[in-house]
Amino acid sequence: MELSKTYNPAQAEAKWYQYWLEKKYFHSTPDHREPYTVVIPPPNVTGVLHMGHMLNNTIQDVLVRKARMEGKNACWIPGTDHASIATEAKVVNKLREQGIKKSDLTRDEFMKHALEWKEKHGGIILEQLKKLGASCDWDRTHFTLDEEYSQSVLQVFVDLFNKGKIYRGARMVNWDPSALTAVSDEEVIHKEVNSKLFHVRYKVEGTEDSWIIIATTRPETIFGDTAVCVNPNDERYAHLKGKRIIVPLVNRSVPVIFDEYVDPEFGTGCLKVTPANDINDYELGLKHNLEVIDMLNPDGTLNEHGLHYQGKDRFEVRKEMEKELHDKGYLVKTEDHINKVGFSERTNAVIEPRLSLQWFLRMKELSAPALENVMNGKIQFHPDKMKNTYRHWMENVKDWCISRQLWWGHRIPAFYYGEGQNDFVVALSLEEAAKLATEKLGRNINPFELRQDEDALDTWFSSWLWPISVFNCLTQPENEEIKYYYPTNDLVTAPEIMFFWVARMIIAGYEYMGDLPFKNVYFTGIVRDKLGRKMSKSLGNSPDPIKLIEQYGADGVRVGVLISSPAGNDLPFDTSQCEQGRNFANKIWNAFRLVKSWEVQAIGQPEYASKSIAWFDAKMQSTIMEINDLFEKFRISDALMTTYKLVWDDYCSWYLELIKPEYGQPIDQATFDKTIYFFEQLLSLLHPFMPFLTEELWHELQTRAEGDDIIVAPFPKAQGFDPEILKSFEKAEKVITQIRTIRKEKNIANKVKLELMIKAGAQIDSSMDAVLKKICNLSKLDYVNDKIGNAYSFVQDGSEYFIPFTDDIDVEAEIKKMEEELNYTKGFLMSVQKKLSNEKFVGSAPEAVVAAERKKEQDALDKIKILEEKIASLK
RNA sequence: GGGCUCUUAGCUCAGCUGGUUCAGAGCACCUGCCUUACAAGCAGGGGGUCACUGGUUCGAAUCCAGUAGGGCCCACCA
C-alpha cells in the first residue's frame, strides 16, 4: 500500500484513544507498583476548553504518560468543579431568558433547574480533553457536588466548627451586587478607573454661613454619612472641636471626629464617614462609636435612606446627585481623579463593601504547617521563586469568608432554633441538629422547629479537599485507596489560583491527612496572544482548541503549546507553533516511510554503517541522560526541545542520511535492525509528548504481540556510552560542513563525486573516514605528506584538507578568502598572547585555564603557518 | 505605597557555585536546491557592547551597588 506523503492525524487519534480505553490503560487500581498520582485542577463543570486548559493538561499528560512508561502505577484523576458563582450566574441568566426569576423559585426548584443545566452542559470539557489525548482514569471522574464529595465537605465544616476554627460574625465583606453574594478578597480585582473627585460643602451646625468642604468620589453615600473626620493635627480644622455638621440633602446632624487616619494632604483634608459602605469608615465607626446607616439594597440600588433616590442604582444616583448638589449650591467643584475600584472576578460588577453576617474560617494557626513545609522544600514549587509570593500571602493570611449567598453549592449545615445571632447548632443532619439543640437548650427541640442556614459554602471550600476527597478519605477513613495514592505526586496549575486553591489544599492536607497533598507544584504561565494580551473569551482572541486539533493534529498542538513554555513563564501563543508541531510529526512520519521502503538482504555491513551506529548509539544515550535530567527539574519545554533535536537533527539529518543505501540498493540486516531499534527508542522518548503518532508508528514498525503497546513500553534509560565517539563525530561534522560549503560555493552538484586528500596534523582522527566518504560522496579519501596544488582546501583541527579542482577556479578569490582567515587568526592570536603575557593572569588563574590558553596559542600559530604556506603556493 | 521578580539575536528563551559548552537553541530571516523519506523539506549563511552606570577581580552575561524600564503579588488613602 502506498503511504501518504504526510501524516494524517485524525484517523490515528480516534483509533488509538479508543484502543487505550478498551485496554484500560488509563485505569488504575492499587497494586504492588509505586503509585504516581495527579489530580486534575477541576475545570468548571459547564466550562469549555480554552488554551489555558490545553497547556495545563498537556503538561499533566506528559508527566502521567512518562510515569506510566516508567512502570509506575499512574493515576490521573479527572473531574469538575461546581463553580458556584459562575454556574449560578449562568443558570440565572438562562432562566431569565425563559422569563423565570430566581426569586420566584424555591431553593429546590432552582436546584432542579441548575442540575438540568449541568446535565446538559456538564462534562463537555472532559470530552474535549479526550481529544487532546489526556490519559485520565475516567472511571474515577469526580464532581465537587456529588453526594459523597458533598458529605466530606460538610463533615469538614462541622469538624472545623467544633474545633472553634469557624465562626459566624458581622463583618465588612466584598459584596457583589450582581450575584447578590459576598465574595472573598481574592475574588476582587482592583482596577484603576477614571473618576471624579467631588468637592461638596457641608454646613457647620449652628452657624449662618460657615462651611467645610469635603472631597469624595462617591457623593451618593452622603445618605450614609454619620460623621465628618479630620486629622487632629490639622490646624485648619481645629475650630471644629465639639462642633456638629449638617449633611447636605438629608440635613442630618453628625459629629466631627478627629483621627490620624485622615491624610491632611489628600483632597481637602476632610473626610466624610459612611461606616456602612466603606471598610475604613467602618473601622473608624467602630473606634468612634458611630451610628451605621446602610443606604444600599443588596442589589446596589438605594434603599429608604436614599430618600427620593430610593430604588435607583448607585451609579445613576451619582450622576443625578451631581446635578442636584450643583443646583442647590453644595457642589464647590469637581476634578478628575484616578482611583482604584474593586470589580467582581466573576460578574465584573463593582464590588460594594457591605456589612453582613457571614461565616469565617480562622486561618492563622491552620496555615502554619502549610507555610513551613513549602519554605523548607518538602513541597517544591516550580519555578522555585513562586515560594516568595506564597510566603508573603501566608504570612499575612486573613480569615477566610466561606459563606456565599447562593443556592448552587453546599448548603451550610447550621440550624437555627431562634432569631438571635447565636441561636444555632452545627450538625450533619437535621436529626443530629435537633439532638444538639435539645442538649444545648435543655429542652426538647424537634427537627421541624429548626431552620437551616440559607447560605452555601464558597466553592474553594470544597475544592481545597480535592486531593483527599477524590479518594473518599473523609467519608471512608483509612481506605485502601487513600493509603496507596496519597500524597499525590505533582500538581500542575496556574499561578492565579495559588491562594484560592493551592495554598488551601496544602492547609487541608496537613489538617486532615497530617501530610502534604502533593510533592511538586508546577506553575504554568498565562497563555497570551501575539500582542501580549491574556487570551480570554471576552477579548475573543483565543483560538478554539478543538479546531486547532482538527487542523494540526493533537500531537502537533501539544508540541505547539509546550515548545516555548518554561514553568512559570507566560506562553505567548501563536498558531505557527502548532505548525511547527505538525511539521515535526510529519518529519517523523517520513522517516518511517524511508525506513519502511528498504529491502533487507543478507549482505555485509559497510564500515560507514557500523561507525554511524556506534556514534548514534552514544549520542542517543547521552541525550537520554539529558532528557531525564530535564524532566527531573520539571523543564518540560527543554526536554521536548532536546528530544526534538535528537530526532530531527541527529537521527533524521545525520544518522539516516549516513546509513541510507543508495537508491534501489538493499540494506544489510544488522544495520536495519539497529535502525529500527533506534526508531523505537525515539518513539518511546516522544510518546509522552506525541502519544498518537508514536502509538501508530510503534505498530507500523512491527507486528506486535498482545499488550506490546508504546503507552506501556519502557521509557528509555541511559546506558553507558563512549564520549570519544561523540568527539570524533563532531570533528567529522565540521569537515563535512566544510566540504558541503565548498560544493555549494563552487556549484558542484551533490551527485558529482569528489576526491579528498588529507595532510594530517598532530591531532588527526581518522575513525570517521568511512562516514566522511559516504556522506560527502567521495570517490577517494587519501592521506598525503605534501600539499596538493590545484585544489580547494581548508584547515580543520590542525589538518589540511584538499579537494582537487574538477575544473578551473578563481585563484584570486581563493587567495582572498585565505587572507581573510589569516587576518582573523592573527588577531585571535594577539588576544591570546596578550592574556598570556599578563603575569597576574598566569600567576593567579588555575593551571588548567592557563594550559588551555597555551593550547589556543599553539593552535593559532600552527594555523597561521599553514595558511601562509598555502597562500604562497597559490601565488 | 510594600514585597517579589525580570531585562541576553527580529520573537520566545538556555546559559548551575565568575575562566573551551561563553556568547548559545528553536522559530523567523537571507541564499541555493522540486536530489525518488519529507518543499509541512534539504544544504549553507547573516545576526547580540548580554538594559544602563559604576564597583570587586588578573578576568564579569555571570558577583555587588545604583539608574531606567517591564511583570507579578499584596495594600484601606476618601
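Chain letters run A, B, ... following the sequence lines, proteins first, then strands; residues in each count from 1.
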Syn/anti label of U35(B) as read from its glycosidic torsion, with the cut at 90° from 0
anti

One thing to verify: whether Asp797(A) and Lys731(A) come together as a salt bridge, which I'm taking to mean a side-chain N less than 4.0 angstrom from a carboxylate O.
no

When both distances are under 3.5 Å in a Watson-Crick or G-U wobble arrangement, the nucleotide paired with U36(B) is none

Rounded C1' spacing from A14(B) to G1(B) in Å:
36 Å

Which part of the nucleic acid, if any, lies within reach of Cys652(A) when heavy atoms closer than 4.0 Å are counted: base, sugar-phosphate only, or nothing?
base

Asp638(A) side chain vs Leu630(A) backbone, donor-acceptor pair below 3.5 Å
no

Using the C1' atoms only, state how far C4(B) lies from A60(B), rounded to an integer number of Å.
25 Å

On RNA chain B, more 5' by nearest nucleotide between Ile736(A) and Asp570(A) is Asp570(A)

Going by purine N1 to pyrimidine N3 plus the second Watson-Crick contact, or the G-U wobble pair, all under 3.5 Å, which nucleotide sits opposite C4(B)?
G71(B)

Between Glu724(A) and Lys727(A), is there a side-chain N and carboxylate O pair less than 4.0 Å apart?
yes

For Asn396(A), I'd like to know if atom CG has over 12 heavy atoms of other residues, nucleotides or ligands within 6.0 Å.
yes

Between U53(B) and C58(B), how far apart are the two P atoms, rounded to whole Å?
23 Å

C1' atoms of G15(B) and G24(B), separation to the nearest Å
7 Å

Is there, by distance only and without an angle test, a donor paired with an acceptor across the side chain of Glu657(A) and the base of A37(B) below 3.5 Å?
yes

A23(B) and G47(B), which share atom name C1', separated by this distance in whole Å
13 Å

Give me the distance, rounded to whole Å, that separates U67(B) from C77(B) when you measure between the P atoms they each carry.
25 Å

Hey, which sits more toward the 5' end of RNA chain B by its nearest nucleotide, Thr389(A) or Thr6(A)?
Thr6(A)

For the residue pair Tyr655(A) and Tyr651(A), categorise the inter-ring angle as parallel (less than 30°), tilted (30 to 60°) or perpendicular (more than 60°).
parallel

Pairwise P distance for G48(B) and A40(B), with rounding to whole Å:
31 Å

Under a 3.5 Å limit for both distances, which nucleotide forms a Watson-Crick or G-U wobble pair with A65(B), could you say?
U53(B)

Tell me whether U21(B) sits syn or anti, counting syn as a glycosidic angle within 90° of 0.
syn

Who does C76(B) pair with, Watson-Crick or G-U, both distances under 3.5 Å?
none

With rounding to whole Å, what would you report as the distance between G3(B) and A65(B) at their P atoms?
14 Å

